[in-house]
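Right, one structure below, let's go through it.
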Amino acid sequence: MTTNAGIVRFRYTLDPAVSPIHSTIDLSQPGAQYGHLAIPYSYNLGGWANLQVPIASLRNGPGPTVLLMAGNHGDEYPGQVAILNLWRELKPADLTGQLILIPCLNPPAAHAATRLSPLDGKNFNRCFPGNAQGTPSEILAHYLSTVLFPLADVVVDLHTGGRSLTFLPTAHMHLVPDFAQRKAMLTATDAFLTDVAFLYTDVAGTGLLPVEAESQGKIVITTEMGGGEVVPASVHRLCQRGLRNVLVHCGVLKGIVETRKQPVRWVQALDREDYRFAPESGLYESCFDVGETVNKGDAIGRIHFLERPDRDAVPVLSHAAGMLIAGRAPSIVKQGDCVACIAHDVDPWKGIQ
Ligand SMILES: [Zn+2]
């Protein structure tokens with residue numbers, strides 16, 4: 001602790017006017033450090049409570065800085081498992097540069113198996129660039145935007161479709177306008193070794209973590225590692241193998257970069273029509289599995305009505321041919337839920353080489 005004008009401050013605490021977050025580790029130091037970010041909040045039995053978000057730093061000599069995160073949405077677990085494994089397995093001697101690990105950005109949501117934070121009802125992935133005087137989610141988003149992203153060369157944010165969507169396991173990315181940044185992101189996304197890689201657009205609001213990191217010029221690597229509540233062992237393996245390979249590719253983890261025998265299949269869903277929404281509330285019947293090909297006019301799914309067995313099921317139609325890359329996970333749907341995403345083959349290098 002240091003004392004300044006009678007005010008006691010803990011080490012590594014930013015000026016509260018900048019961020020109220022207190023870090024128990026010093027990211028400028030070499031070697032291995034394990035601690036947490038403390039985010040002050042109150043609840044009825046805890047007036048001086050702190051939400052503790054585990055963070056580790058492994059640093060060894062010169063090299064890139066990679067920020068590795070999962071649990072942005074609580075109910076998305078393969079990335080959290082992969083980073084927890086790396087937390088215990090990696091030592092500074094395995095690295096050249098710095099690896100910052102946050103296995104779970106939203107522990108209350110992960111414990112509750114929810115997408116949104118139970119503390120403030122926020123979707124963490126709509127909170128960026130954040131607000132130092134806001135709710136716990138907004139305070140952490142602000143800390144990432146102003147403290148951690150500026151330190152990083154590479155930002156990794158691991159997702160799945162959560163409980164609401166089943167995704168074909170993919171690494172995915174935005175088509176950032178800067179060609180040098182886009183090329184670096186394409187090769188890094190490729191290094192995740194998924195069979196399919198996906199170019200996506202945002203159809204559900206603004207304030208996303210990747211967009212903030214991209215706007216700061218970072219190489220941003222993200223995934224949709226399946227979804228629904230079941231995580232097959234093969235998806236855990238894919239996530240863990242891909243993540244290690246990305247770290248080797250980025251030059252922070254020592255090792256030999258693995259390459260796929262077959263080139264990755266790139267697909268994109270950049271048109272709003274590629275995202276299909278339930279026209280009515282009801283009971284959803286999937287008519288295709290993710291990864292299957294659909295034709296224009298196909299019924300991707302059908303909505304049934306428990307209270308009106310006499311009503312014909314309402315089809316959700318494909319607007320174009322393509323691959324079903326994501327589908328509805330829960331069978332109960334509300335009007336306006338995204339129930340399908342249809343992606344189309346693309347050469348992402350066309351025009352930028
Ligand atoms: Zn997510």
Side-chain angles (χ1 to χ4, degrees), residues 1-28 33-57 67-77 79-81 83-84 87 100-152 155 157-159 162-164 204-213:
M1 289 190 292
T2 58
T3 303
N4 181 11
I7 300 171
V8 176
R9 297 201 191 287
F10 290 94
R11 285 194 306 157
Y12 322 133
T13 300
L14 292 175
D15 182 341
V18 177
S19 173
I21 286 185
H22 165 71
S23 172
T24 64
I25 65 173
D26 182 351
L27 294 171
S28 68
Q33 299 181 81
Y34 305 94
H36 60 262
L37 303 173
I39 307 169
Y41 77 106
S42 294
Y43 69 108
N44 286 332
L45 295 179
W48 295 350
N50 277 257
L51 173 61
Q52 298 190 4
V53 177
I55 182 171
S57 171
L67 173 60
L68 194 48
M69 300 171 289
N72 177 330
H73 295 126
D75 59 345
E76 303 176 2
Y77 297 103
Q80 298 179 50
V81 171
I83 301 177
L84 288 166
W87 178 296
I100 301 169
L101 302 102
I102 304 179
C104 183
L105 289 161
N106 198 340
H111 286 298
T114 56
R115 182 174 186 82
L116 310 181
S117 170
L119 293 187
D120 56 18
K122 297 281 184 181
N123 177 348
F124 187 65
N125 212 24
R126 300 291 180 277
C127 288
F128 286 80
N131 176 3
Q133 276 77 47
T135 67
S137 298
E138 291 168 337
I139 291 170
L140 181 58
H142 174 267
Y143 188 85
L144 292 178
S145 299
T146 60
V147 178
L148 297 185
F149 292 173
L151 294 176
V155 171
D157 183 28
L158 301 172
H159 288 253
R163 290 198 294 177
S164 64
T206 58
L208 281 76
L209 184 159
V211 173
E212 175 59 29

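Bear in mind the structure is a predicted one, so any value in this text is a computation, not a measurement.
The shortest distance between side-chain heavy atoms of Pro103 and Trp87 falls below 4.5 Å. Ile102 has its side chain out of reach of Ile83: every pair of non-hydrogen atoms, C-beta onward, lies at least 4.5 Å apart. At a threshold of 4.5 Å between non-hydrogen side-chain atoms, the residues Pro210 and Asn125 count as touching. Considering only heavy atoms from C-beta on, His142 stays 4.5 Å or farther from Pro129 through its side chain. Side-chain contact between Trp48 and Pro40 is absent, with no heavy atoms from C-beta onward closer than 4.5 Å. No side-chain heavy atom of Leu151 sits less than 4.5 Å from a side-chain heavy atom of Leu67. Side-chain contact between Ser23 and Tyr143 is present, with at least one heavy-atom pair separated by less than 4.5 Å. Looking only at side-chain heavy atoms (C-beta outward), Leu105 and Leu144 come within less than 4.5 Å of each other.
Tyr41 and Tyr43 have parallel rings, their planes meeting at less than 30° on a 0 to 90° scale where 60° marks the start of perpendicular. Below 30°, between 30° and 60°, or above 60°: for His159 and His73 the angle between ring planes is above 60°, a perpendicular geometry.
Of the listed residues (Leu51, Asn106, Leu37), just one forms a side chain to side chain contact (heavy atoms under 4.5 Å, CB included) with Leu140, and that residue is Leu37.
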Please test Ile55 against Ile100 for side-chain contact (heavy atoms from CB on, under 4.5 Å), starting from the C-alpha separation and ending with a verdict.
CA-CA 7 Å; Ile55 182 171; Ile100 301 169; 3.9 Å; yes
Candidate pair Thr114 and Asp75, rule side-chain contact (heavy atoms from CB on, under 4.5 Å), full reasoning
CA-CA 5 Å; Thr114 56; Asp75 59 345; 5.8 Å; no
Using the side-chain contact (heavy atoms from CB on, under 4.5 Å) rule, take Phe128 and Val211 through it: C-alpha gap first, then chi angles, then the decisive distance, then the call.
CA-CA 8 Å; Phe128 286 80; Val211 173; over 6 Å; no
With side-chain contact (heavy atoms from CB on, under 4.5 Å) as the criterion, how do Thr206 and Arg126 come out once you've worked through the C-alpha distance, each side chain's angles and the decisive distance to 0.1 Å?
CA-CA 6 Å; Thr206 58; Arg126 300 291 180 277; over 6 Å; no
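Here the OG-CG distance, from Ser57 to Asp26, works out to 8.5 Å after rounding to the nearest 0.5 Å. In this structure, Phe124 CZ and Leu208 CG are separated by 11.0 Å, a value rounded to the nearest 0.5 Å. Between the NE2 atom of His111 and the SG atom of Cys104 there is a distance of 7.0 Å, given to the nearest 0.5 Å. Atom OG of residue Ser137 and atom CG of residue Asn131 lie 11.5 Å apart, to the nearest 0.5 angstrom. Remark: Glu212 CD to Ser145 OG distance equals 4.0 Å, nearest 0.5 Å.
No donor-acceptor pair closer than 3.5 Å links the side chain of Asp157 to the backbone N or O of Leu209. Looking only at distances, a side-chain donor or acceptor of Tyr77 sits under 3.5 Å from a matching main-chain atom of Ala110. At least one donor-acceptor pair under 3.5 Å links the side chain of Thr24 to the backbone N or O of His36. A distance-only check finds a donor-acceptor pair linking the side chain of Gln80 to the backbone of Gly74 [under 3.5 Å].
The minimum heavy-atom distance between Ser42 and Gly47, with the atom names listed, is OG-O, 2.8 Å. Between Ala112 and Pro118, the shortest heavy-atom distance links the atoms CB-CG, 4.0 Å. The two residues Ala70 and Gly79 make their nearest non-hydrogen contact at CB-C, 3.4 Å. Annotation for Ala152 and Val155: closest pair CB-CG2, 4.1 Å, computed over non-hydrogen atoms. Scanning both residues, Gly134 and Ile139, for their nearest heavy atoms gives O-CD1, 3.4 Å.
In this structure, Arg163 does not pair ionically with Glu76, as no charged nitrogen and carboxylate oxygen lie closer than 4.0 Å.
No hydrogens or angles considered: nothing links the side chains of Asn50 and His22 as a donor-acceptor pair under 3.5 Å.
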